[in-house]
Amino acid sequence: MDNDVNLSVEVAGVPFKNPLIAASGTFGFGEEYHELYDVGCLGGICSKGLTLHPKDGNDGIRVWETASGMMNSVGLQNPGVEAFIETGIAQMRRFGNVLIANMGGHSMEDYVTGATMLSASDIDMLELNISCPNVKSGGMAFGIKAEVAEEVVRAVRKVCTKPLIVKLSPNAENIVEMALACERAGADALSLVNTFQAMAIDIRKRKPVFNNVYAGLSGAAIKPIALRMVHAVCKQVRVPVIGIGGIYTAEDVLEFIMAGAAAVQLGTVNFNNPLAGREVLDDLAQLCRREGITDINEIRGVC
Amino acid sequence: MDNDVNLSVEVAGVPFKNPLIAASGTFGFGEEYHELYDVGCLGGICSKGLTLHPKDGNDGIRVWETASGMMNSVGLQNPGVEAFIETGIAQMRRFGNVLIANMGGHSMEDYVTGATMLSASDIDMLELNISCPNVKSGGMAFGIKAEVAEEVVRAVRKVCTKPLIVKLSPNAENIVEMALACERAGADALSLVNTFQAMAIDIRKRKPVFNNVYAGLSGAAIKPIALRMVHAVCKQVRVPVIGIGGIYTAEDVLEFIMAGAAAVQLGTVNFNNPLAGREVLDDLAQLCRREGITDINEIRGVC
Amino acid sequence: MKYLVGEVSVNQQITDDIWVVRVSCEPVEAKAGQFYMLKSWDTEQTLMRPISVFKAEEGCLWFMYRVVGQGTRRMSFLEKGDAIRLLGPCGNGYPCEQIKGRVALVGGGVGIPPLCETAKTLQRNGVTVDAYLGYRDVLFAVEDFEPWCTDMFISTEKGEEGYKGFITDLLKPEQYDVVLTCGPEVMMRKVAAMCAEHDVTCYCSLEHRMACGIGACLGCSIRTKSGMKRVCKDGPVFLSTELMW
Amino acid sequence: MKYLVGEVSVNQQITDDIWVVRVSCEPVEAKAGQFYMLKSWDTEQTLMRPISVFKAEEGCLWFMYRVVGQGTRRMSFLEKGDAIRLLGPCGNGYPCEQIKGRVALVGGGVGIPPLCETAKTLQRNGVTVDAYLGYRDVLFAVEDFEPWCTDMFISTEKGEEGYKGFITDLLKPEQYDVVLTCGPEVMMRKVAAMCAEHDVTCYCSLEHRMACGIGACLGCSIRTKSGMKRVCKDGPVFLSTELMW
Ligand SMILES: Cc1cc2nc3c(=O)[nH]c(=O)nc-3n(C[C@H](O)[C@H](O)[C@H](O)COP(=O)(O)OP(=O)(O)OC[C@H]3O[C@@H](n4cnc5c(N)ncnc54)[C@H](O)[C@@H]3O)c2cc1C
Ligand SMILES: Cc1cc2nc3c(=O)[nH]c(=O)nc-3n(C[C@H](O)[C@H](O)[C@H](O)COP(=O)(O)OP(=O)(O)OC[C@H]3O[C@@H](n4cnc5c(N)ncnc54)[C@H](O)[C@@H]3O)c2cc1C
Ligand SMILES: Cc1cc2nc3c(=O)[nH]c(=O)nc-3n(C[C@H](O)[C@H](O)[C@H](O)COP(=O)(O)O)c2cc1C
Ligand SMILES: Cc1cc2nc3c(=O)[nH]c(=O)nc-3n(C[C@H](O)[C@H](O)[C@H](O)COP(=O)(O)O)c2cc1C
Ligand code: FES
Ligand code: FES
């Protein structure tokens, strides 16, 4: 049945059996969703966001629903790179798909040390999350200014022996310049977008909902903006781009691939429908058949 | 009934009977909605976006629904400043509320000439839309880089004798720097946000939905991002800020005012509910009563 | 034009994807060829949906719609007693008062229902009405036209019912004083061209994506020979000679 | 844990804002104190809603919920025969197997329903169960507790029914081996403090905003004495002495 449509794609030399990847922070290390379906059917899984040292994350409310979306302020709670290497990798390995470690950091040194450790481990790819606030530059995220991002990517590139994906923030001053800077600095692929900086206020308490005041917006609400950014970046860079942002359906997947994406990530949709990964995959094969697409690679970038 | 809650606000010295303003481009010159309710009940109305010369706008699909939002690519279809002065102003005057002329432009000269003409006319305020692509700088919008915006606002300020609102684009590289630049250049007030640059693809046709490829996203989907931008700008500027972006309910209005907005604009919600202006106003008075707010000005910027 | 709350009294599936809904509301001011912006949701869909008046009666309106996307799917879930919002009547409608003699109504697909109220109005004005109704495969609304029409012509693409082929194959514009058409653009273009050939007045009812439906947003503007026109307010009915397609 | 489609067989309003819904689904694996993530919409609301098991029976689950916002309002529109999605059972539940002797269940508001299945389970295990139920004004679910409880204490804030005041005024923890509590945080904090004073084991069932409900997103993490814990997976039931409030 499925053999008539080729869904397999390649990103930076790594083969994926299909273009669907679970997005970092929304899928744990895969085992919770594996209780519901074989998550090995996905092309790949991004680990929850790791930092060099374990982190407790933020206090207070961490998730908040918005119109066709949600905000989160988890604050990178994670067991740290070492614990991930010790136990997380083995857990993720048994799914049999591409294992992507997502890593953030608050200083250049953390990024470099973490990337060095992960390079020596059994991961398939490293996804560098540059949306984290940079402690040294007064909390401005690494992912805002292209020069700052270029520097951190260059440093990580030097130590990283795995295919390196750099995950861009939509809060970047100029997403295309940011992409070009990261490409120049040696990224093998780019993924975008991370969450949009956003705010909610509890009018009864007359206070921001989140202790940190701002939090990250994701979900269907942001899809049109994410698609524009992916399209604009794909027109300018040569490295493959992984599209992210409000992808809920097989139709959404095709939109991103037609905009030029090599693959896509599913994030918030997992919360709306815990079987989303498998269902979007099934729908994608069917939709391709209906649209006369025999190889998903043939429609990449037609728009 | 209503007397127990003061909803009147002041923006740049201009008194508004309440903080609700119809957003430019969503309300024509007011007369269509006036068939449905007395639009004079609103604090003010922004005219549809004017340009110095009449414009036909864009061809092809102009509006497209998205999750909790919509995209538009109207392309500033309008009768031109002169025709507006001749007939539009008189039409809007009879509503008895604050008359704001919204003006865009594709070159510095157009902005200055238009502002000069409007300054000599019977408008109450001028809202300068700096989201338009600048023909001289290869189509990059005036509202992206703070330096470019500062220049155009400074030039308009010189000739503008009306209270000058500068309407910011959320696509600005840095919304706070943009706001500060416009304030420096002499803006009496700021309004934000305009629409987000976004994209949609018709997967059956394998083509972008819009002839211009990108179009502007508005509606409830963008509210959390708009609120964050309004909050961030209010913390930094001294001039009053008008909040815009996905405001649908009285609760939304309070959120923006608690974030620091002096007043707000209602845009896309008018399409979802053509009586939105009046209904949000009624709800706002009630909500204030319920929350123990006797003067809407007392909660401004509490967050 | 008013923003009304109506109550659904019937919502019935007619074919695979065509439904008809009957809405009780006051006042009913619609004329043939006008439409309403409808919504049966709160903010789950941002925009209301333009649907033409199928039949207007004392105290109630009928709409016939094809389920094509999320909005019309939601409408199909409506049950007796449910509330529905209506904004309208919108648009100009067909200039029925000015039409005399013999008229052909040429409809295709969901362009057929709006012609039903038109047939009634014209027939009552003493006009002789022939209906040309082009379907993909399954017929609908045919019996609603019968009381008002002198001759009726039916086509389906593969000949399941009536003539096999396009309805325009059957039309002889020279037999009519005026031709009114509503349906897919290709069909209306063909009708307009045939009428032009014989110097017969032809009115086309256009579709365009809409946001406000009342002329305020310019989301539905089209280029015509007399400048930009709003389909929702200046249309949806235009003289074919005004159009620039 | 499974993602199921259930069918609503009853959805009934109990008080002004409290509803009870009965859902037929297979399999029912829920234990006392566990919850399900529910949704009766497609993507109109992004997230599913955590609701505790009120009663678990062969082939069906009961949930009792307060309408507080959009999601629960939508749930209240459910009618017999409608489909509802369930993800669960989620969380740890109360450790009923380990509980012996005499137990007090202390519930407040919508913290009361989750204790009902707990009362049943404990009673069937031979435990003596007393229920302390604190309401704002109108009672609900009282008769559902009766079969399983030895003594029942009721309070309302203004004394409309039962004791006037807070339910904690009536509780004497020293009379019990274990106290299980669910309800507003202030109430549970008070219960925990009273138990601590008398060295009585106390379990609290926490609420937290949730996205995934299954432990993957860390949206519901709280700081405890043994580190960060996920309310949805490691909880919602925690030993009071573990909590850091
Ligand atoms: C003046 C007018 C009268 C109409 N009368 C009828 C009628 O009597 N019966 C009928 O079945 N259909 C009619 N249509 C078409 C009908 O409006 C669309 O099929 C409907 O809006 C589709 O909505 P959806 O949510 O199901 O589809 P979606 O594709 O999900 O809609 C997404 C958006 O696109 C718009 N849209 C999609 N298709 C069309 C279209 N063909 N024309 C205009 N906007 C569209 C929707 O309004 C909505 O804003 C009419 C259209 C116009 C402009
Ligand atoms: C483990 C657990 C068990 C629960 N059991 C019950 C029960 O049996 N009966 C009952 O009436 N309520 C219960 N609640 C509370 C219930 O989940 C919320 O009242 C409900 O989610 C509100 O949804 P809404 O859309 O109506 O409100 P909205 O305020 O519109 O919801 C917006 C978002 O906030 C979340 N939210 C709002 N209030 C709460 C809350 N108090 N706790 C957690 N999340 C919240 C929603 O899930 C949603 O994501 C339980 C909560 C938890 C965590
Ligand atoms: C709860 C939550 C936690 C997230 N954590 C991370 C993270 O640790 N690292 C990261 O790079 N992105 C993280 N993200 C961002 C997602 O991976 C994704 O980029 C974003 O949510 C947009 O996609 P979506 O709209 O499909 O969710 C998180 C998102 C959510 C909702
Ligand atoms: C159809 C449409 C046309 C618009 N035209 C203009 C315009 O001419 N000038 C302008 O400054 N903003 C224009 N806008 C932007 C709105 O005024 C407003 O800033 C934006 O839509 C965000 O608010 P909302 O989410 O409440 O709609 C337009 C928006 C829409 C939807
Ligand atoms: S739809 Fe707004 S002007 Fe026609
Ligand atoms: S809600 Fe996702 S981990 Fe608890």
Side-chain angles (χ1 to χ4, degrees), chain B residues 22-37 39 45 48-49 54-79 209-210 215 217-221 246 248-249 252 267-276 278-279, chain C residues 1-5 29 36-50 68-74 83-91 185 206-234 243-245:
Chain B
S24 177
T26 66
F27 216 71
F29 298 119
E31 72 267 38
E32 289 87 7
Y33 285 98
H34 197 60
E35 284 190 51
L36 295 166
Y37 68 98
V39 299
I45 299 177
K48 78 175 63 166
K55 273 193 71 153
D56 284 351
N58 296 332
D59 286 328
I61 287 181
R62 287 183 170 198
V63 292
W64 185 260
E65 193 174 279
T66 68
S68 293
M70 65 174 284
M71 293 166 66
N72 89 80
S73 176
V74 167
L76 286 185
Q77 182 187 338
N78 82 94
V209 164
F210 294 99
L217 179 69
S218 62
Y248 278 32
T249 65
D252 295 340
T268 301
V269 69
N270 294 299
F271 309 147
N272 179 263
N273 172 6
L275 302 183
R278 194 180 66 193
E279 291 182 3
Chain C
M1 194 188 50
K2 300 207 169 56
Y3 187 53
L4 306 170
V5 188
E29 300 164 327
Y36 281 79
M37 298 295 284
L38 301 183
K39 75 168 182 175
S40 62
W41 47 83
D42 182 18
T43 53
E44 294 83 8
Q45 308 285 142
T46 306
L47 304 176
M48 303 182 79
R49 300 296 192 256
V68 296
Q70 285 212 325
T72 47
R73 180 158 343 108
R74 251 177 234 269
I84 181 170
R85 292 297 199 146
L86 305 95
L87 172 64
C90 300
E185 198 176 300
L206 301 197
E207 272 192 14
H208 206 289
R209 276 160 208 269
M210 296 180 176
C212 72
I214 62 174
C217 75
L218 307 186
C220 66
S221 295
I222 56 163
R223 214 171 277 285
T224 73
K225 292 196 182 135
S226 27
M228 298 305 289
K229 296 284 177 191
R230 297 162 298 182
V231 172
C232 70
K233 181 97 173 183
D234 308 315
L243 297 173
M244 296 177 62
W245 51 18

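All heavy atoms count here, side chains included; hydrogens, waters and symmetry mates do not. To find a chain, count down the sequence lines: A is the first, B the second, and so on, and within it residues start at 1.
Put simply, of C:Q45, C:R85, C:H208, C:K233, the one with the most heavy-atom pairs under 4.5 Å next to chain B is C:Q45. Ranked by non-hydrogen atom pairs under 4.5 Å with chain C, the options B:T268, B:N270, B:T66, B:V74 are led by B:V74.
The shortest distance between side-chain heavy atoms of C:R230 and B:E32 falls below 4.5 Å. Inter-residue side-chain proximity for C:M48 and B:P274 is flagged as met; some heavy-atom pair is nearer than 4.5 Å. Inter-residue side-chain proximity for C:R49 and B:E65 is flagged as met; some heavy-atom pair is nearer than 4.5 Å. Looking only at side-chain heavy atoms (C-beta outward), B:Y248 and C:T46 come within less than 4.5 Å of each other.
Under the side-chain hydrogen bond (donor to acceptor under 3.5 Å, both in side chains) criterion, C:R73 pairs with no residue at all, not counting sequence neighbours.
Using a 4.5 Å cut-off between heavy atoms, B:S73 makes no contact with chain C at all. Looking at C:Q70, neither its backbone nor its side chain comes within 4.5 Å of chain B, counting heavy atoms on both sides. Looking at B:N273, both its backbone and its side chain come within 4.5 Å of chain C, counting heavy atoms on both sides. Residue contact with chain C, scored on non-hydrogen atoms closer than 4.5 Å, is absent for B:N72. Of the atoms belonging to C:M210, it is backbone heavy atoms, and not side-chain ones, that fall under 4.5 Å from chain B.
In terms of heavy atoms, C:R209 sits closest to B:I61 at NE-CD1, 3.8 Å.
A side chain to side chain contact (heavy atoms under 4.5 Å, CB included) with B:F271 is found for one member of C:L47, C:I214, C:L87 and no other, namely C:L47.
The distance from atom OH of C:Y3 to atom CZ of B:R278, rounded to the nearest 0.5 Å, is 11.5 Å.
Side chains of B:N272 and C:K39: a donor-acceptor N/O pair is present below 3.5 angstrom, by distance only.
Among the residues in residues 217-224 of chain C, those with a non-hydrogen atom closer than 4.5 angstrom to a non-hydrogen atom of chain B are C:C217, C:L218, C:G219, C:S221, C:R223.
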